[in-house]
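Notes to accompany the following structure.
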Amino acid sequence: MNKINVLCLHGIGGKDDRQSKTDWKTDWKDAIESKAKNVNISFPVFDHFFDEQQAGIIDYWKFLKDIFFTKDHG
């Protein structure tokens, strides 16, 4: 049987809680593997694509509005 490929993306900008006692990747991996046994799990890093962006709350709102409230996505 073929493995299921799971792509996990987590936010932008390295804003993880540095005080956290747990690693979110381990938590996600454990949770996924508890339900699906035959998986390849990937945690790619995309932060470097956004280093030069200066997005603010208005930009994020426009993005979310377009994704959730626009009928034609493409």
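Residue numbers count from 1 along this sequence.
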Inset, instruction - For residues I41 and E33, determine if any side-chain heavy atom of one lies less than 4.5 Å from a side-chain heavy atom of the other. - result: yes
Inset, instruction - Supply the atom-to-atom distance S42 OG to K29 NZ, rounded to the nearest 0.5 angstrom. - result: 11.0 Å
Inset, instruction - Look at atom CZ of F63 and say whether more than 12 heavy atoms of other residues, nucleotides or ligands are closer to it than 6.0 Å. - result: no
Legend entry - Heavy-atom check, side chain of V39 versus side chain of K3, under 4.5 Å: no
Legend entry - Donor-acceptor contact present, side-chain D59 to main-chain G56, <3.5 Å: yes
Legend entry - Atom pair NZ/CG of K35 and D30 - distance to nearest 0.5 Å: 13.0 Å
Legend entry - Minimum-distance pair of heavy atoms, taken over all atoms of P44 and C8: CD-O, 3.6 Å
Inset, instruction - Please check if atom CG in L64 has more than 12 non-hydrogen atoms from other residues, nucleotides or ligands closer than 6.0 Å. - result: yes
Legend entry - CD1 on I32 to CG on D27, rounded to 0.5 Å: 11.0 Å
